[in-house]
Amino acid sequence: MLKKERFRRFIEYFTQHYPDPKTELHFSNPFELLAAVILSAQCTDKRINQISPALFARFPEPESLAAASVEEVFSYIRSVSYPNNKAKHLVGMAKAVMERFGGEIPATVEELQTLPGVGRKTAHVILSVVYNEPTMAVDTHVFRVSHRLGLAPLTATTPLAVEKALMAHVPKQYVPKAHHWLILHGRYICVARLPKCERCDLRDFCKYYEKNRINALV
DNA sequence: ATCCCGAGGG
DNA sequence: CCCTCTGGAT
């Protein structure tokens with residue numbers, strides 16, 4: 001199947017079944033989303049949503065978080081992965097936002113990536129979710145599912161290479177949606193271990209299914 | 001044992 | 001490129 005046809009099938013299927021996909025992280029403003037995404041690294045959204053209400057109640061904006069001690073922030077996030085690093089990142093992010101951006105979350109990839117704890121993936125999530133900009137954040141799900149469905153070549157061995165492959169073929173108006181589609185599919189159907197191919201409607205053109213159809217049917 | 005919407009540092 | 005961080009669910 002031609003690559004163009006793969007993307008067409010991918011977009012057609014999800015447009016029909018998930019017309020308005022959204023992040024599962026709970027937030028009510030860009031600051032909360034940024035904090036939640038920083039915390040979400042190597043951690044489930046469900047866990048982040050369990051601890052974020054208390055965190056956001058105590059630190060409702062960058063100003064209070066910037067003034068907080070790393071130890072106090074740690075006490076709110078101790079149950080997420082890498083709490084030491086993330087507590088430092090959150091306080092450092094808030095201080096940088098106060099000192100360099102007047103308390104407002106910046107709106108460009110370059111500026112976002114200067115914030116502690118914010119890499120390319122996190123920056124793109126903010127731009128995509130808050131501003132609906134056509135940027136493709138490549139996380140573990142996007143990376144894995146893109147390869148399996150043949151949306152990115154196996155020679156794309158880095159997140160940046162997968163990002164470029166996707167951006168080359170996903171129409172701009174679908175980029176923010178495609179990001180969430182790949183995550184939802186990766187989280188619930190196309191999981192890392194023993195993907196649920198019997199529940200996947202895209203298996204007829206899936207490279208992973210084609211190669212592993214015996215195991216996948218067990 | 002493996003994975004979860006990674007980033008920073010060497 | 002590699003390694004570290006290192007909680008919780010399955």
Side-chain angles (χ1 to χ4, degrees), chain A residues 14 18 21-27 30 32-52 54-55 70-71 73-97 106 109-149 151-152 155-163 166-167 170 175-196 208 215:
Chain A
F14 282 106
Y18 298 94
K22 293 180 289 187
T23 178
E24 294 184 353
L25 289 170
H26 297 167
F27 68 99
E32 291 187 359
L33 176 65
L34 181 54
V37 176
I38 289 173
L39 288 171
S40 72
Q42 297 298 101
C43 192
T44 59
D45 286 5
K46 183 176 294 184
R47 172 139 301 278
I48 302 308
N49 291 335
Q50 287 173 354
I51 63 103
S52 63
L55 181 72
V70 172
E71 289 75 17
V73 176
F74 176 88
S75 71
Y76 284 86
I77 66 170
R78 59 167 62 254
S79 70
V80 309
S81 52
Y82 317 136
N84 278 302
N85 284 348
K86 289 174 180 175
K88 292 176 191 168
H89 289 161
L90 286 179
V91 175
M93 175 275 283
K95 285 182 175 175
V97 167
V109 187
E110 293 75 17
E111 290 175 323
L112 282 165
Q113 278 199 249
T114 67
L115 301 175
V118 180
R120 187 175 185 83
K121 179 261 177 181
T122 299
H124 279 184
V125 168
I126 301 303
L127 293 177
S128 176
V129 173
V130 176
Y131 304 103
N132 199 35
E133 285 190 23
T135 61
M136 181 62 72
V138 177
D139 61 25
T140 181
H141 293 307
V142 174
F143 191 83
R144 180 183 66 255
V145 177
S146 294
H147 283 146
R148 286 180 176 172
L149 289 178
L151 302 178
T155 53
T157 56
T158 66
L160 182 59
V162 170
E163 175 189 325
L166 293 173
M167 290 301 289
V170 177
V175 168
K177 291 177 184 288
H179 164 72
H180 291 303
W181 286 335
L182 289 166
I183 287 174
L184 289 173
H185 196 57
R187 185 177 294 164
Y188 297 112
I189 302 291
C190 196
V191 295
R193 275 185 301 173
L194 297 178
K196 307 174 191 307
Y208 178 92
N215 292 335

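Just so it is clear, the structure is predicted and the values come from calculations on it, not from any experiment.
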Exercise. Say you draw a straight line from CZ of A:R187 to NE2 of A:H180; how long is it, rounded to the nearest 0.5 Å?
Worked result: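 Answer for the CZ-NE2 pair, A:R187 versus A:H180, is 10.0 Å.
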Exercise. Looking at NZ of A:K86 and CZ of A:F74, how far apart are the two atoms once the value is rounded to the nearest 0.5 Å?
Worked result: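 The CZ atom of A:F74 is 12.0 Å from NZ of A:K86, to the nearest 0.5 Å.
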Give a yes/no answer on whether the side chain of [X] brings an N or O atom under 4.0 Å of OP1 or OP2 in [N].
{"X": "A:R187", "N": "B:dC5", "answer": "yes"}
{"X": "A:R144", "N": "B:dC4", "answer": "yes"}
{"X": "A:N84", "N": "C:dT6", "answer": "yes"}
{"X": "A:T122", "N": "B:dA7", "answer": "yes"}
{"X": "A:S81", "N": "C:dG8", "answer": "no"}
{"X": "A:H141", "N": "B:dC4", "answer": "yes"}

Side chain of [X], heavy atoms from C-beta onward: which of [options] has the nearest atom to it?
{"X": "A:S79", "options": "B:dG6, C:dG8, B:dC5", "result": "C:dG8"}
{"X": "A:A192", "options": "B:dC3, C:dG7, B:dC5", "result": "B:dC3"}
{"X": "A:D139", "options": "B:dC5, C:dT10, C:dG7", "result": "B:dC5"}

Whole-Å distance between [N] [atom2] and [X] [atom1]?
{"X": "A:M93", "N": "B:dA7", "atom1": "CE", "atom2": "P", "result": "13 Å"}
{"X": "A:L90", "N": "B:dA7", "atom1": "CG", "atom2": "P", "result": "13 Å"}
{"X": "A:F74", "N": "C:dT6", "atom1": "CZ", "atom2": "C1'", "result": "11 Å"}
{"X": "A:R47", "N": "C:dT10", "atom1": "CZ", "atom2": "P", "result": "10 Å"}
{"X": "A:K88", "N": "B:dG8", "atom1": "NZ", "atom2": "P", "result": "13 Å"}
{"X": "A:Q42", "N": "B:dT2", "atom1": "CD", "atom2": "P", "result": "15 Å"}
{"X": "A:F143", "N": "B:dG6", "atom1": "CZ", "atom2": "P", "result": "12 Å"}
{"X": "A:N49", "N": "C:dG8", "atom1": "CG", "atom2": "C1'", "result": "15 Å"}

How would you label the contact of [X] with the nucleic acid (heavy atoms, under 4.0 Å): base, sugar-phosphate, or nothing?
{"X": "A:V80", "result": "sugar-phosphate"}
{"X": "A:H89", "result": "sugar-phosphate"}
{"X": "A:V118", "result": "sugar-phosphate"}
{"X": "A:L184", "result": "nothing"}
{"X": "A:P116", "result": "sugar-phosphate"}

Exercise. On a whole-Å scale, what distance lies between the C1' atoms belonging to C:dC3 and B:dC5?
Worked result: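 Each nucleotide's C1' atom is 22 Å from the other's.
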Problem set entry | Pair A:S52-A:L39, side-chain contact (heavy atoms from CB on, under 4.5 Å): steps then yes or no | CA-CA 9 Å; A:S52 63; A:L39 288 171; 5.7 Å; no
Problem set entry | Worked check of side-chain contact (heavy atoms from CB on, under 4.5 Å) between A:L90 and A:I38 | CA-CA 8 Å; A:L90 286 179; A:I38 289 173; 4.1 Å; yes
Problem set entry | First encountered from the 5' end of DNA chain C, between A:R78 and A:R193 |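 So the residue in question is A:R78.
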Problem set entry | Donor-acceptor pair under 3.5 Å, A:T44 side chain vs B:dC5 base |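 Answer is no: no donor-acceptor pair is held.
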For this session: Would you please test A:L184 and A:F14 for side-chain contact (heavy atoms from CB on, under 4.5 Å) and show each step?
Result: CA-CA 10 Å; A:L184 289 173; A:F14 282 106; 5.8 Å; no
Exercise. side-chain contact (heavy atoms from CB on, under 4.5 Å) between A:L25 and A:V129: does it pass, once the steps are laid out?
Worked result: CA-CA 11 Å; A:L25 289 170; A:V129 173; over 6 Å; no
